[in-house]
Amino acid sequence: MFNDPICSLSTPRGLSATAVIRCSGKGIVSRTSHLLPDLKTLKPRHAHLTSFMEGGRYIDEVVVVFFQGPASYTGEDLLELSFHGNPLIIENALESLFRVGFRMALPGEFTKRAVLNGKFDLVKAEAINALIASKTEKSLEAAIKSFRGSLSEEVASFRERMVRLLASVEVELNYPDEIETEYSSLYEDLVSLKKEMGEFIEKSRNGVVISQGIKTAIVGETNVGKSTLLNALLKRDRAIVSEMPGTTRDTIEEDLNVGGVLFRVIDTAGIRQAENEIEELGIERSLKAIEEAELVILLRDPHNPESKDLEEELRNKGKRLIVAANKSDIRKVEQHHFDVVISARTGEGLKDLEKLMLKRTEEITSIGDEVIISARQKQKLLDAVDYIARSIEAIEENITVDVLSTMIEQAARNLDELLGTHITEDVLERIFSDFCVGK
């Protein structure tokens with residue numbers, strides 16, 4: 001565990017009324033005493049108005065709040081220094097702190113230290129990051145539910161049951177001549193645990209989709225208006241629009257807020273027989289985007305009957321599908337043949353399209369009290385269920401008790417990694433690299 005002194009700006013850069021520099025680590029009070037010469041006492045959790053100076057150089061008037069470890073966010077001694085929000089003042093203050101032995105905090109390092117010092121687990125840490133990074137009302141709701149919910153307690157409960165089952169197997173492993181495990185009872189317990197964990201994942205997994213955005217592919221043949229539609233939805237020119245077929249050679253992805261729900265909208269290359277290698281690669285990426293999409297908007301030319309083939313193919317794949325007829329500004333279109341009629345060029349029908357996007361995705365945007373908000377959380381739960389399933393198969397196939405023990409132990413280890421109680425440094429680095437500096 002490390003506690004060397006770190007500091008960083010915890011408020012956005014730029015002109016503002018105030019700007020906060022956060023400091024944490026061992027010996028931070030003594031290191032900053034020369035920078036706060038007029039401050040005679042530093043009472044924890046009280047605001048102190050004083051001067052921030054380096055030598056005889058006055059830098060700013062600051063409000064200092066001291067949180068004494070372990071009763072702080074990081075579990076270490078922590079200082080929050082509130083300056084006037086001038087970037088020059090902040091740069092001068094940070095340079096002064098560097099000269100007395102502080103280093104710049106890494107992204108998410110304050111929260112990482114909080115986890116390492118046992119202030120909270122990784123589930124709570126990821127919820128904090130989601131609170132900061134949420135782009136829509138729905139993703140913010142998911143982050144709040146994760147932050148306030150009892151996901152950690154549910155996971156810990158599953159782990160405790162695994163440990164009890166593991167203990168019953170380990171007894172036989174250690175005393176094979178004296179103890180014989182009741183496998184019928186163990187089998188029933190494992191089946192019950194697998195079922196409950198599966199149901200838990202199913203009811204709480206929508207948070208991942210809501211937080212990361214619903215993958216939405218705009219697909220269709222060439223020159224049907226896909227890029228024009230993307231620009232119209234975004235209300236800005238993001239994709240190049242041209243009458244020349246095959247203009248879009250690669251997928252373009254942008255975030256779109258529709259009614260508080262985040263959609264990751266992907267403009268794809270037109271589906272047709274490729275005329276060169278580059279266009280062929282773009283079409284391959286379009287097909288991949290379709291496979292991964294949670295919602296597909298099929299843009300059709302209502303005056304081209306051949307475009308019906310792609311619609312049938314998508315329906316056979318079981319995709320959530322919106323069939324939109326474009327170019328209503330050119331010629332009248334019969335509504336009953338399509339889900340919605342639009343003009344990407346004039347904006348006609350776009351509100352109806354957005355309403356349909358929300359309606360088609362209702363079942364994956366509803367969230368309960370327990371929410372999984374990261375792909376990491378979901379994968380660790382799925383991996384744990386997979387090992388429980390393997391342990392059930394081990395009993396069915398009369399595999400040796402040591403293999404059974406290993407399966408249950410691996411299931412519990414995945415939940416440990418989910419909570420962060422046993423996790424490697426490189427995994428921690430990957431998780432916290434997405435956090436902002438200063439948090």
**Report entry** Close side-chain approach of Arg22 to Tyr73, heavy-atom, < 4.5 Å
**Finding:** yes

Query raised in the report: Got a second to check how far Phe52's CZ is from Ile89's CD1, nearest 0.5 Å?
Result: 11.0 Å

Query raised in the report: Step by step, would you call Glu141 with Val371 a side chain to side chain contact (heavy atoms under 4.5 Å, CB included)?
Result: CA-CA 10 Å; Glu141 179 188 354; Val371 182; over 6 Å; no

Requested in this report: Would you please test Ser152 and Leu419 for side chain to side chain contact (heavy atoms under 4.5 Å, CB included) and show each step?
Outcome: CA-CA 7 Å; Ser152 298; Leu419 296 171; 4.0 Å; yes

Query - Non-hydrogen atoms of Ile408 and Ser391 that approach each other most closely - result: CG1-CB, 4.0 Å

Report task. Before accepting this row, confirm whether a basic side-chain N of the pair Glu294/Arg360 lies closer than 4.0 Å to the acidic partner's carboxylate O. Result -> no

Report task. Give a yes or no answer on whether the side chain of Asn117 reaches the backbone of Pro70 with a donor-acceptor pair at less than 3.5 Å. Result -> no

Query raised in the report: Please walk me through it: do Ser405 and Glu409 pass side chain to side chain donor-acceptor pair (under 3.5 Å)?
Result: CA-CA 6 Å; Ser405 172; Glu409 183 180 359; 4.9 Å; no

Query raised in the report: Taking all non-hydrogen atoms of both residues, which atom of Gln377 and which atom of Leu418 are closest, and how far apart?
Result: O-CD1, 3.5 Å

Report task. Supply the atom-to-atom distance Ile214 CD1 to Ile364 CD1, rounded to the nearest 0.5 angstrom. Result -> 4.5 Å

Query raised in the report: Within a radius of less than 6.0 Å around CD of Glu137, do more than 12 heavy atoms belonging to other residues, nucleotides or ligands occur?
Result: no

Query raised in the report: What do the steps show when you test Lys380 against Ile372 for side chain to side chain contact (heavy atoms under 4.5 Å, CB included), and what is the final call?
Result: CA-CA 11 Å; Lys380 288 301 174 185; Ile372 301 169; over 6 Å; no

Query raised in the report: Got a donor-acceptor contact below 3.5 angstrom from the Asn92 side chain to the Leu88 backbone?
Result: yes

Query raised in the report: With a cut-off of 6.0 Å (strictly less than), are more than 12 heavy atoms of other residues, nucleotides or ligands near CZ of Arg148?
Result: no

Query - Validation row: Thr111, Phe120 side chains within 4.5 angstrom (heavy atoms) - result: yes

Query raised in the report: Can Asn414 and Gln410 be said to form a side chain to side chain donor-acceptor pair (under 3.5 Å), step by step?
Result: CA-CA 6 Å; Asn414 274 284; Gln410 287 297 324; 5.0 Å; no

Query raised in the report: Checking side-chain contact (heavy atoms from CB on, under 4.5 Å) against Val191, which of Ile388, Ile395, Ile392 comes through?
Result: Ile392

Query raised in the report: Which value, rounded to the nearest 0.5 Å, describes the distance between Leu358 atom CG and Leu353 atom CG?
Result: 10.0 Å

Requested in this report: Check side chain to side chain donor-acceptor pair (under 3.5 Å) between Ser374 and all other residues, then give those that pass, not counting sequence neighbours.
Outcome: Glu126

Report task. Hey, could you give me the CD1/NZ distance between Ile342 and Lys351, rounded to the nearest 0.5 Å? Result -> 13.5 Å

Query raised in the report: Would you call Thr11 and Thr18 a side-chain contact if the rule is heavy atoms closer than 4.5 Å?
Result: no

Query raised in the report: Is any side-chain heavy atom of Arg205 closer than 4.5 Å to a side-chain heavy atom of Leu381?
Result: no

Query raised in the report: Under 6.0 Å from the CZ atom of Phe147, do we count more than 12 heavy atoms belonging to anything else shown?
Result: no

Query raised in the report: Should Arg376 and Glu417 count as an ion pair when the cut-off is N to O under 4.0 Å?
Result: no

Query raised in the report: Would you say Asp255's side chain and Gly213's backbone share a donor-acceptor pair under 3.5 angstrom?
Result: no

**Report entry** Heavy-atom pair with the smallest gap, counting every atom of Ala19 and Ile90
**Finding:** CB-CD1, 3.6 Å

Report summary line: What one should report as the nearest heavy-atom pair of Ile210 and Ala142 is CG2-CB, 4.2 Å

**Report entry** Close side-chain approach of Met357 and Ile297, heavy atoms under 4.5 Å
**Finding:** yes

Query raised in the report: Near Lys119 NZ, under 6.0 Å, is it more than 12 heavy atoms from other residues, nucleotides or ligands?
Result: yes

Report summary line: Value for CD (Glu354) from CG (Asn257), rounded to nearest 0.5 Å, stands at 9.5 Å

Query raised in the report: Given side chains that start at C-beta, do those of Asn206 and Thr365 come closer than 4.5 Å, heavy atoms only?
Result: no

Query raised in the report: Quick check: does any side chain N or O of Asp121 sit under 3.5 Å from a backbone N or O of Val123, one acting as donor and the other as acceptor?
Result: yes

Query raised in the report: If you measure from the Lys or Arg side-chain nitrogens to the Asp or Glu carboxylate oxygens, is any gap between Arg113 and Glu109 under 4.0 Å?
Result: yes

Requested in this report: Test Asp267 against every option in Leu233, Val219, Leu230 by the side-chain contact (heavy atoms from CB on, under 4.5 Å) rule and name the one that passes.
Outcome: Leu230

Query - Polar side-chain atom of Lys135 near backbone of Leu256 as donor-acceptor pair, under 3.5 Å - result: no

Query raised in the report: What distance do Met197 atom CE and Ser192 atom OG have between them, rounded to the nearest 0.5 Å?
Result: 11.5 Å

**Report entry** Donor-acceptor contact below 3.5 Å, side chain Ser72 vs main chain Asp77
**Finding:** no

Query raised in the report: More than 12 foreign heavy atoms under 6.0 Å from CZ of Arg390: is that the case here?
Result: yes

Query raised in the report: Considering all heavy atoms of both residues, which atom of Ser139 and which atom of Ser134 are nearest to each other, and what is their separation?
Result: O-OG, 3.4 Å

Report task. List in chain and number order the residues that pass side chain to side chain donor-acceptor pair (under 3.5 Å) with Ser24, two or more places apart in sequence or in another chain; answer none if no residue qualifies. Result -> Thr74, Glu76

Requested in this report: May I ask you to test the Ile373-Leu151 pair for a side-chain heavy-atom distance under 4.5 Å?
Outcome: no

Query - 4.5 Å side-chain heavy-atom contact, Ile218 and Val265 - result: yes

Query raised in the report: side-chain contact (heavy atoms from CB on, under 4.5 Å) with Cys7: which of Leu97, Leu81, Ile28?
Result: Leu97

Query - Intermediate values then yes/no, side chain to side chain contact (heavy atoms under 4.5 Å, CB included), Leu404 and Ile399 - result: CA-CA 7 Å; Leu404 176 60; Ile399 294 177; over 6 Å; no

Report task. Report yes or no: does Lys319 contribute a side-chain atom to a donor-acceptor pair with the main-chain N or O of Glu291 at less than 3.5 Å? Result -> yes

Report task. For Leu165 and Leu193, work out which heavy atoms get closest and say how close. Result -> CD1-CD2, 4.3 Å

